[in-house]
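Letters go in sequence order (proteins before strands), and every chain restarts at 1.
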Protein chains: 2
Amino acid sequence: MDVASVEGLDGLSIGGLASDLGMSKAGVAGHFANKQQLQLEAVDAAVELFTAAIAPALRERAPGLDRLRAGVEAWFAYLEDTPFPGGCLIQAAAAEQDGRPGPVRDAVVAADDRWRAFLLRELHAAIEAGELPADTDAEQRCFVLLALGAGLNQAAQLRADPRAGDRARRAARPLLDG
Amino acid sequence: MDVASVEGLDGLSIGGLASDLGMSKAGVAGHFANKQQLQLEAVDAAVELFTAAIAPALRERAPGLDRLRAGVEAWFAYLEDTPFPGGCLIQAAAAEQDGRPGPVRDAVVAADDRWRAFLLRELHAAIEAGELPADTDAEQRCFVLLALGAGLNQAAQLRADPRAGDRARRAARPLLDG
DNA sequence: CAACTTAGCGTACGATCGTTCGTGTGTAAA
DNA sequence: TTTACACACGAACGATCGTACGCTAAGTTG
């Protein structure tokens with residue numbers, strides 16, 4: 001995951017991993033059916049790590065705005081300070097794999113969809129609970145939240161902007177209120 | 001640029017280009033000092049093409065909100081319907097090259113900075129002209145506009161969402177008014 | 001006409017790529 | 001004690017990578 005976050009899923013190479021790990025090329029390759037499987041497992045592992053980073057913040061939060069706020073805050077904090085040297089692997093893989101068909105792209109899209117579905121679900125729950133006006137455009141709010149995440153990731157990775165997290169939070173605040 | 005927009009700047013290969021063009025590998029390689037120069041020229045060409053796509057919309061627009069609105073609209077239209085099969089090359093290269101040092105990354109960052117500088121300049125001009133309140137946080141508005149661009153690009157490329165352009169425009173509207 | 005530049009070609013090099021064998025070496029189950 | 005299995009190894013394969021060299025044909029400039 002560390003390598004893939006910097007070099008991309010295509011930049012992953014069996015030989016490179018082997019020398020990083022002090023192993024032989026065959027020793028590394030034996031753990032995966034083929035390179036594509038390695039890429040898929042890297043995506044899966046990154047999704048699992050992201051989920052584990054977010055889940056605690058959601059625990060015991062009621063569906064709706066409260067849960068949404070907690071999720072977005074944990075998400076932004078994750079993007080601001082990722083566990084990988086090259087930033088959020090899902091974001092990087094999404095930008096890399098868009099445009100190319102195949103199972104790897106599908107896995108990345110599925111991962112992205114899961115998070116999008118969470119945002120939408122909580123927005124609708126907030127509407128249903130009366131926390132947001134009944135005519136709120138949930139998809140519009142979801143789009144902007146996803147955009148703020150992408151923008152935060154770009155500002156943090158490309159520009160190393162330390163204020164990016166707060167800017168994203170400030171912009172998101174009116175979207176998380178009634 | 002077509003290849004790089006899909007495969008990334010690292011996915012560019014002399015041999016691949018050669019067979020695409022029906023030329024020999026040496027015939028293609030002779031036009032560039034080395035591969036890095038090829039990558040840099042691809043970035044330069046993409047910047048030039050983007051500039052050419054935006055410039056007409058800015059012509060004869062007064063600095064300030066009017067010029068800013070025209071620039072953002074042209075920008076979103078460009079992201080919505082890019083001249084490359086893999087989406088905006090600068091956006092793709094930015095996501096690919098963040099995290100890796102070197103001249104290619106520097107060129108991508110410089111290209112991104114140029115656009116960011118345009119947005120900031122027009123925002124400040126709008127403040128100076130009294131079109132925006134004097135206490136407007138130009139950098140905050142700039143951050144959100146850049147985020148909407150990134151989000152639009154992601155939605156268009158990864159999700160092929162036909163409504164992404166309108167969603168970005170709708171979200172940007174309050175940022176382009178007084 | 002002669003000198004020079006340009007563009008493209010074929011060929012070759014060392015390196016790295018993903019993948020596939022056969023082999024040895026442990027550890028765990030029968 | 002024997003069998004089975006997981007793990008890592010070295011070696012080799014065909015392919016592709018970037019780069020370099022020498023050559024030819026066409027065009028430009030003096």
Does [X] come within less than 4.0 Å of [Y], counting only side-chain N to carboxylate O?
{"X": "A:Arg163", "Y": "A:Asp166", "answer": "no"}
{"X": "A:Lys35", "Y": "A:Asp10", "answer": "no"}
{"X": "B:Glu122", "Y": "B:Arg61", "answer": "no"}

Exercise for review: Using five pairs at either end of the helix from C:dC1-D:dG30 to C:dA30-D:dT1, determine the angle between the two local helix axes and round it to 10 degrees.
Suggested key: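 One end axis against the other gives 10°.
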**Study point:** Test side-chain contact (heavy atoms from CB on, under 4.5 Å) applied to A:Arg141 and A:Leu146, A:Thr136, A:Leu176, A:Leu119, the passing residue
**Key:**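 So, applying the side-chain contact (heavy atoms from CB on, under 4.5 Å) to A:Arg141 and each of A:Leu146, A:Thr136, A:Leu176, A:Leu119, only A:Thr136 qualifies.
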Rounded distance in Å - [atom1] ([X]) to [atom2] ([N]):
{"X": "A:Phe32", "N": "D:dC7", "atom1": "CZ", "atom2": "P", "answer": "11 Å"}
{"X": "B:Lys25", "N": "C:dT11", "atom1": "NZ", "atom2": "C1'", "answer": "10 Å"}
{"X": "B:Asp10", "N": "D:dG18", "atom1": "CG", "atom2": "P", "answer": "10 Å"}
{"X": "B:Asn34", "N": "D:dG18", "atom1": "CG", "atom2": "P", "answer": "11 Å"}
{"X": "B:Glu7", "N": "D:dT16", "atom1": "CD", "atom2": "P", "answer": "14 Å"}
{"X": "A:Gln36", "N": "C:dT19", "atom1": "CD", "atom2": "C1'", "answer": "14 Å"}
{"X": "A:Ile14", "N": "C:dG18", "atom1": "CD1", "atom2": "P", "answer": "5 Å"}
{"X": "A:Lys35", "N": "C:dG18", "atom1": "NZ", "atom2": "C1'", "answer": "8 Å"}

Under 4.0 Å between any heavy atoms, over every strand shown, what does [X] touch: base, sugar-phosphate, or nothing? Just pick one.
{"X": "B:Leu21", "value": "nothing"}
{"X": "B:Leu12", "value": "sugar-phosphate"}
{"X": "A:Ser13", "value": "sugar-phosphate"}

**Study point:** B:Trp115 and B:Phe118 aromatic centres sub-6.0 Å
**Key:**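 Yes.
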**Study point:** Nearest-nucleotide comparison on DNA chain C, the residue closer to the 5′ end among A:Gly15 and B:Val28
**Key:**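 The residue closer to the strand's 5' end, by nearest nucleotide, is B:Val28.
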Starting the side chain at C-beta, find the nucleotide from [options] nearest to [X].
{"X": "A:Ala26", "options": "C:dT19, C:dT11, D:dC9", "answer": "D:dC9"}
{"X": "B:Met23", "options": "C:dG8, D:dA8, D:dC17", "answer": "C:dG8"}
{"X": "B:Ser24", "options": "C:dG8, D:dG10, D:dC21", "answer": "C:dG8"}

Exercise for review: Hey, could you give me the CD/OG distance between A:Gln157 and A:Ser5, rounded to the nearest 0.5 Å?
Suggested key: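 Output value for this atom pair is 8.0 Å.
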Check your understanding: Can any side-chain N or O of B:Thr51 pair as donor or acceptor with the backbone N or O of B:Val47 at less than 3.5 Å?
Key ->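 Yes; at least one donor-acceptor contact below 3.5 Å.
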Check your understanding: For A:His31 and D:dA8, is the shortest distance between a side-chain N/O and OP1 or OP2 below 4.0 Å?
Key ->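 Indeed, a polar side-chain atom of A:His31 lies that close.
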